[in-house]
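Below is one structure, written out as structure tokens, with a few remarks after it.
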Amino acid sequence: MKLTKIIALAGALLALGMGSAFAAKKAANTNKLKVVTTIFPEYDWAKQIIGEKADDVELTLLLNNGVDLHSYQPSVKDIAKIQEADIFIYVGGESDEWVDEVLKNVKTQNQKVINLLEVLGDKVKAEETVEGMEHEHHHEHGHDDDDHDEHGHHHHAKEVSTFDDREVKSRSLSDWEGEWQSAYPLTLNGSLDKAFEEKAKSGKMTAKEYKEYYKKGYKTDIAYISIKGDTITFQYDNGKKVSSKYKSNGYFIQNWSTGTKAAMYRFEAVDKKSGAPIYIEFNDHIIEPTEAEHFHFRMSNESYDAIVDPENLFPTYYPAKLSPSEVCEELAGHDKHHHDDDEEEKELDEHVWLSLRNAQILTTEICKALSEKDAKNASVYAKNLGSYNKKLSDLDAKYASAVKAGSKNTLVFGDRFPFRYLVDDYGLKYFAAFTGCSAESEASFKTIVFLSEKVNELGLQTVCQIESGNGKIAKTVISNSKNKKAKVLVFDSMQSTTAKQIKKGATYLGAMEKNLEVLKEALK
């Protein structure tokens with residue numbers, strides 16, 4: 001938490017202590033169910049579920065004056081409301097670190113607290129730094145032996161975790177020629193436990209947590225891979241063997257959420273009926289022809305786009321000649337969990353409400369809390385939830401149709417980009433000046449030029465910004481592009497919705513419907 005927030009919170013808590021008797025007396029004057037929310041989407045979701053029972057509930061929105069989540073500091077009055085609430089709903093990211101201190105002094109017994117990020121669990125994404133984006137920690141092209149990749153593997157002489165896409169060279173299957181063993185069985189049988197213990201000494205997880213992370217990442221039923229010439233033979237853990245010749249399909253640049261990237265070298269089975277995986281990818285942190293020392297292998301029989309969660313699922317293969325203890329040594333000496341390769345933890349993307357699919361999960365959790373605290377109205381809340389989630393689902397389908405009908409599939413934002421959840425839902429790409437949580441407001445000339453070149457390259461008719469932006473960067477991007485007539489489009493991230501706008505009828509669904517119309521224009 002930033003120092004200014006700590007000081008402000010400490011002062012507010014002190015003042016609250018002095019005035020707590022007044023707060024308690026005031027709270028006693030109403031028997032209404034008290035629901036306190038930090039941001040507008042939470043407020044409106046609760047409002048829609050409460051529906052006709054609004055007179056029975058005291059619903060509060062704390063951030064109602066245009067201040068967004070990243071710069072909000074709770075007042076004495078806000079803290080009192082939170083501590084007296086029956087239900088408190090907040091986002092739960094880095095911007096909300098102050099909440100823990102406030103909740104230590106909660107006065108309502110059995111207060112129900114909903115942390116959006118905790119509810120979504122594995123669906124929460126890390127802040128992503130894409131190509132061309134301004135970010136606080138710039139990666140250099142010169143890497144030494146202390147650098148690690150997105151899955152923590154130690155960099156050898158030619159391994160890189162960030163690079164200019166133009167530096168990537170084509171590679172043939174011969175780079176991976178040889179006999180390879182999966183690390184997954186070694187993870188299961190305890191052969192790698194010493195590596196996890198070593199990593200726990202300097203890492204931020206326990207040995208047990210590291211083991212679980214790698215068990216998930218390494219999971220595969222392909223025990224051995226043999227590569228000879230253009231033929232690959234796969235041996236499954238049940239003894240079954242399948243083979244096919246493979247042809248190269250070039251490479252794909254994969255951007256990881258950590259700000260690093262990888263070249264994924266793609267090959268396609270020539271014999272589609274052989275039973276061998278059809279669409280396969282190798283990545284070994286190298287972007288030019290050389291002999292691999294280990295590799296990550298991913299596959300799909302549908303398409304490359306159908307490969308599941310490449311960041312968190314990374315079946316890994318080491319030379320078959322290595323003993324289990326030698327593989328363990330490789331892992332202990334060369335690995336470091338990708339959350340830990342910098343001193344600071346990577347920041348989570350807090351803007352989870354900008355996914356209509358997430359919204360359906362979160363509204364369900366809110367309905368559950370309301371029903372627990374107000375059982376007599378549970379059937380009303382359930383009915384309203386069903387109706388509301390149907391609207392969310394229908395709008396989600398409209399987004400999918402609009403994306404399918406669009407002639408473009410990439411957005412350029414001359415602004416912060418809080419819409420990662422939205423674009424990921426529909427398979428869209430984007431380039432932006434800053435991450436969604438960035439405090440920066442001035443883009444470098446290099447970033448402006450990069451975004452302008454993307455407008456040219458992609459033939460875009462629009463450049464986007466968020467509702468709280470001043471449009472300066474977006475206009476500068478357009479003025480530096482070939483298309484001087486490109487329009488600036490405004491997406492509403494609902495980070496600064498005011499009480500005045502709510503009074504005039506602002507709703508979460510309304511904002512997302514408007515965003516859909518803006519998206520349609522951006523994809524023309």
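Positions are given from 1 along the sequence. Note that this is a predicted model, so its numbers are computed, not measured.
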Throw together a table of side-chain donor-acceptor distances under 3.5 angstrom for residues 463-472, partners on residues two or more places apart or in other chains.
| residue | atom | partner | partner atom | Å |
| --- | --- | --- | --- | --- |
| Q465 | OE1 | G471 | N | 3.4 |
| Q465 | NE2 | G469 | O | 3.0 |
| E467 | OE1 | S493 | N | 2.7 |
| E467 | OE1 | S493 | OG | 3.0 |
| E467 | OE2 | S493 | OG | 3.0 |
| E467 | OE2 | Q495 | N | 3.3 |
| E467 | OE2 | S496 | OG | 3.3 |
| N470 | OD1 | K472 | N | 2.9 |

If you take the centroid of each ring, where Trp contributes its six-membered ring, are [Y] and [X] closer together than 6.0 Å?
X: F450; Y: F431; value: yes
X: F282; Y: Y265; value: no
X: W98; Y: Y72; value: yes
X: Y430; Y: F417; value: yes

(request) Would you kindly check if the NZ (Lys) or CZ (Arg) of K261 is within the cone defined by 45 degrees around the ring axis of F163 and under 6.0 Å from the six-membered ring centre? (result)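 So K261 does make the cation-pi contact.
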(request) Decide whether a cation-pi geometry holds between R416 and F434; the criteria are a distance under 6.0 Å from NZ or CZ to the six-membered ring centre and an angle within 45° of the ring axis. (result) no
Is it true that [Y] and [X] share a donor-acceptor pair across their side chains at a distance under 3.5 Å?
X: E521; Y: T462; result: no
X: T38; Y: E42; result: yes
X: Y251; Y: D165; result: no
X: N249; Y: Y304; result: yes

Is any side-chain heavy atom of [X] less than 4.5 Å from a side-chain heavy atom of [Y]?
X: F419; Y: F413; value: yes
X: H294; Y: T316; value: yes
X: D309; Y: F314; value: no
X: I307; Y: M299; value: no
X: Y246; Y: P277; value: yes

Which heavy atom of [X] sits nearest to which heavy atom of [Y], and what is that distance?
X: E128; Y: W256; answer: CG-O, 4.4 Å
X: I286; Y: A263; answer: O-CB, 4.5 Å
X: Q48; Y: N384; answer: O-CB, 3.6 Å

(request) Scan for side-chain hydrogen bond (donor to acceptor under 3.5 Å, both in side chains) pairs involving residues 474-486, sequence neighbours excluded, and state none if there are none. (result)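 Of all non-adjacent pairs touching residues 474-486, those that pass side-chain hydrogen bond (donor to acceptor under 3.5 Å, both in side chains) are Q461-N483.
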(request) Scan for side-chain hydrogen bond (donor to acceptor under 3.5 Å, both in side chains) pairs involving residues 114-125, sequence neighbours excluded, and state none if there are none. (result)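 Sorted pair list: Y90-N115, K125-D424.
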(message) Before you tell me yes or no, could you show the steps for N389 and T363 under side chain to side chain donor-acceptor pair (under 3.5 Å), namely the whole-Å CA-CA distance, both residues' side-chain angles and the distance that decides it to 0.1 Å?
(response) CA-CA 8 Å; N389 273 358; T363 50; 2.8 Å; yes
